[in-house]
Every structure is written in C-alpha cells, then in structure tokens.
Amino acid sequence: MILGFLGLGRMGGPMAENLLRHTGQLLVHDVSEEAVAALVEKGAEAAGSAAALGERCDVVFTSLPTPPIVREAVLGADGITANKAPRIICDLSTSGPQLAAELAEALEGRTACLDAPVSGGIAGARAGTISIMVGGPEAAFEEVRPLLEAMGKPTHMGETPGAGQTMKLVNNLLGAVAIGVTAEGMAFGIKQGLDPARMIEVLNQSTGINSATRDKWPKSVLPRTFDFGFAAALSLKDTKLLLDEADAAEVPLPLGRIVADYLERTLEREGPQADFTAIAKVVEEAAGLDPER
C-alpha cells in the first residue's frame with residue numbers, strides 16, 4: 001500500500017511524521033517547501049504535487065485549514081483526483097459535514113471518502129494521542145484503522161458522510177464554550193478580589209473543572225502568554241461551520257453564537273494571529289479589568 005499525505009502544517013506535520021515512523025514510507029506534499037524538506041529529511045519522499053499523490057498512492061491523508069482549500073485539493077484541476085484517484089481519501093481536516101457529503105458524492109464509485117477530523121492539539125499530534133473521529137464506509141475505515149492508530153485514537157462514528165465532522169463540531173463547541181464561561185467566571189472572581197491561581201486550583205478539584213481550567217488557564221492564561229496553540233481564527237471557522245449546520249438542522253445554539261461573538265472580538269482586539277485563549281482578555285476588559293496586567 002502506497003501512502004500519501006497532503007498538508008504538513010502545525011497539525012499535519014506531526015501526524016505525517018508519526019505515520020512515516022509507523023510505515024517507513026510516505027509520499028508528502030505541501031505548499032511550503034520547508035515543510036516538505038523537513039519530512040524528506042526524516043525519510044519521506046516529496047511527491048511534487050497533489051495530483052501526483054493521487055496518481056501514485058492507494059491512500060491519501062489530507063490535513064488542511066479550510067473547507068475551500070480541502071475542496072480544491074481534492075477536486076480541483078491540480079488536485080488529488082485530477083488524473084488518477086486513490087482508492088481512499090481520508091480528510092483529517094475540520095472541514096464540515098456538508099463538504100464531506102459533497103466529496104463522497106463527487107467521488108462515488110472511484111474513491112472511498114473518510115472524514116476524520118482530529119482533536120488534541122499540537123502536543124497530541126506530536127505524541128500520537130489525538131482523538132480521531134471518523135465518518136464514512138466501515139470497510140475503508142477498517143483498512144486504514146492501523147494507520148490512524150499510528151497517529152492517534154480513531155473512533156468510527158458511522159457510515160454517513162460527515163459523521164466524523166459532526167462529532168468534531170460538537171466537541172469544538174464544548175471546548176470553546178468552556179473557554180468563554182471560564183473567562184467569565186474568572187473575571188468575576190478576580191474583580192471580587194480572588195487570586196486567579198487559587199481559583200483554578202479550587203475549580204480543578206471541584207465540579208467546575210473543564211478543559212479550560214485543566215489545561216488552558218494553567219498553561220496559557222495564568223502566565224499571560226496566550227499561546228496554547230490553536231488560532232482564534234480557526235476556532236471561529238469551526239464555530240461558524242457548526243452554526244451553519246445547526247441552522248440547517250433547525251437546532252438553536254445560543255451559547256455557540258456567544259462564543260462566535262467572543263472569538264470575533266478577540267480577533268478584532270488581538271489581530272489575526274491571536275490564540276483562542278485570548279478570549280480571556282476580551283472578557284476581562286469588558287469587566288473593567290486590565291487585560292495587559
């Protein structure tokens with residue numbers, strides 16, 4: 001089985017490296033020559049283009065930033081399926097259920113499409129501990145399961161195209177809401193004179209514990225570095241994907257809209273490179289605290 005990997009960014013690079021370590025061979029491509037060179041140095045082979053991956057590989061994994069980029073990379077004139085399509089395409093991006101269904105329909109009879117977004121951050125991608133939520137044909141999932149296990153912990157969510165994407169959007173909603181509500185609670189406590197480090201200590205041994213109190217505040221907010229490793233712009237993209245899907249399904253998500261507003265304000269305040277933990281600054285400022293303290 002010849003394997004390919006398209007997209008060697010902050011998440012894709014470590015995942016591809018783990019896959020290469022597991023298999024000993026991997027064709028790779030990215031718009032960044034430096035990213036390709038880094039994998040080639042570790043033993044991968046540069047494919048030269050997305051189309052070359054499709055021509056030469058049985059299975060191609062993709063890890064790309066936005067749905068339009070995923071669509072173009074798979075279906076475009078120079079994309080993976082431009083000439084000869086691989087047997088399986090496994091999209092590790094968070095690109096939404098609608099695109100997963102579109103790709104599956106467009107490639108029906110040619111290529112089995114798996115949507116397999118991941119959660120766990122850059123550290124999890126490096127350690128091979130990310131959660132991988134997979135939708136698509138079960139036979140294709142079973143074929144690539146050992147490869148996915150080299151990168152993380154895969155769970156098959158169902159054969160419906162987009163099942164993995166739906167699960168990822170639910171997960172991201174809960175994670176983003178946890179940041180927002182933690183920022184609100186912390187701002188209130190700080191304004192009332194409580195020590196933020198002691199507050200986090202108490203929350204993490206109480207019922208208020210969540211992913212934000214456990215990881216994001218100790219690592220990025222309390223030290224005021226705001227560098228947890230996930231861009232506010234990507235978090236907003238994911239939240240908007242969820243809200244669009246929820247609107248289509250007629251499911252109201254008021255907390256999701258509050259989070260989207262926080263993220264938009266974070267980007268306005270901190271700029272396009274802002275980390276999503278900088279939501280705390282927006283909430284603190286609104287509470288009359290000095291976010292630059």
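Counting from 1, the numbers follow the sequence of the chain as shown.
Sorted by first and then second residue, the salt bridge (charged side-chain N to carboxylate O under 4.0 Å, His left out) pairs involving residues 150-160 (not counting sequence neighbours) form an empty list. Among residues at least two apart or in separate chains, there is no ring pair (Phe, Tyr, Trp, His ring centres under 6.0 Å) pair with a member in residues 53-98. A salt bridge (charged side-chain N to carboxylate O under 4.0 Å, His left out) check over residues 70-84, counting only residues at least two apart or in different chains, returns the pairs R71-E102. Evaluation of the side-chain hydrogen bond (donor to acceptor under 3.5 Å, both in side chains) test over residues 139-148, restricted to residues two or more places apart or in two chains, returns R87-E143, E142-R145. Within the structure, salt bridge (charged side-chain N to carboxylate O under 4.0 Å, His left out) pairs that include any residue of residues 46-57 comprise E45-R56 (at least two apart or interchain). Here ring pair (Phe, Tyr, Trp, His ring centres under 6.0 Å) pairs that include residues 110-142, with residues two or more places apart or in two chains, are F141-H156. Screening residues 227-284 for ring pair (Phe, Tyr, Trp, His ring centres under 6.0 Å) gives F230-F276 as the qualifying pairs, with residues at least two apart or on separate chains.
Taking OG1 of T225 as the start and NZ of K219 as the end, the distance is 11.5 Å to the nearest 0.5 Å. Atom OG of S119 sits about 8.0 Å away from atom CE of M11, to the nearest 0.5 Å. To the nearest 0.5 Å, the span separating CG on L3 from CD1 on I88 amounts to 10.0 Å.
Scanning all heavy atoms of the two residues, the minimum distance from P154 to V134 falls at CB-CG2, 4.4 Å. Taking each heavy atom of A82 and A51 in turn, the nearest pair found is CB-CB, 4.4 Å. Here the shortest heavy-atom pairing between S95 and Q165 reads N-OE1, 3.0 Å. When all heavy atoms of G180 and I279 are compared, the pair lying nearest together is CA-CG2, 4.3 Å. Among all heavy-atom pairs drawn from A232 and L267, the shortest one is CB-CD2, 3.9 Å.
R269 has a carboxylate O that lies under 4.0 Å from a charged side-chain N of E292, or vice versa, which qualifies the two as a salt bridge. Under a 4.0 Å N-O distance rule, the pair K281/E285 does not qualify as a salt bridge.
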Quiz: residues 189-196 side-chain donor-acceptor pairs under 3.5 angstrom, not counting sequence neighbours:
unit_1, atom_1, unit_2, atom_2, d
K191, NZ, A287, O, 2.6
D195, OD2, A197, N, 3.2
D195, OD2, R198, N, 2.9

Side-chain donor-acceptor pairs under 3.5 Å in residues 207-214, sequence neighbours left out?
unit_1, atom_1, unit_2, atom_2, d
N210, OD1, T182, OG1, 3.4
N210, OD1, A212, N, 2.7
N210, OD1, T213, N, 3.0
N210, ND2, T182, OG1, 3.2
N210, ND2, G208, O, 3.2
T213, OG1, N204, OD1, 2.7
T213, OG1, N210, N, 2.9
T213, OG1, N210, O, 3.0

Mind listing the side-chain donor-acceptor pairs of residues 247-258 below 3.5 Å, one per line with the distance, residues two or more places apart or on another chain?
unit_1, atom_1, unit_2, atom_2, d
D247, OD1, R257, NH2, 2.6
D247, OD2, R257, NH2, 3.3

For this session: Test L148 against C90 for side chain to side chain contact (heavy atoms under 4.5 Å, CB included), laying out the working first.
Result: CA-CA 10 Å; L148 293 172; C90 185; 4.1 Å; yes
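The number of heavy-atom neighbours closer than 6.0 Å to CZ of R265, taken from other residues, nucleotides and ligands shown, is above 12. Around CD of Q205, the count of heavy atoms belonging to other residues, nucleotides or ligands within 6.0 Å exceeds 12.
Remark: L174 engages V170 in a side-chain contact (heavy atoms from CB on, under 4.5 Å) (not counting sequence neighbours).
K237 places no side-chain N or O within 3.5 Å of a backbone atom of P67 that could act as its donor or acceptor partner. Listed for the N18 side chain is a donor-acceptor partner under 3.5 Å among the backbone atoms of A125.
If you chain together ILVMFWY residues whose side-chain heavy atoms come under 4.5 Å of each other, L75 ends up grouped with I2, L6, L27, L53, V60, L64, I69, V70, V74, I80, I89, L99, L103, L107.
Placement of L242 and V118 in two distinct hydrophobic clusters is found when ILVMFWY residues are connected by side-chain heavy-atom separations under 4.5 Å, directly or transitively. Connection of L236 to L234 is established within a shared hydrophobic cluster, with ILVMFWY side chains joined at heavy-atom distances below 4.5 Å, either directly or through further cluster members. Placement of L20 and I130 within a single hydrophobic cluster is found when ILVMFWY residues are connected by side-chain heavy-atom separations under 4.5 Å, directly or transitively.
Side chains of T166 and E245 form no contact here, defined as non-hydrogen atoms less than 4.5 Å apart.
D238 pairs with exactly one of L173, N172, L243 by the side chain to side chain contact (heavy atoms under 4.5 Å, CB included) rule, that one being N172.
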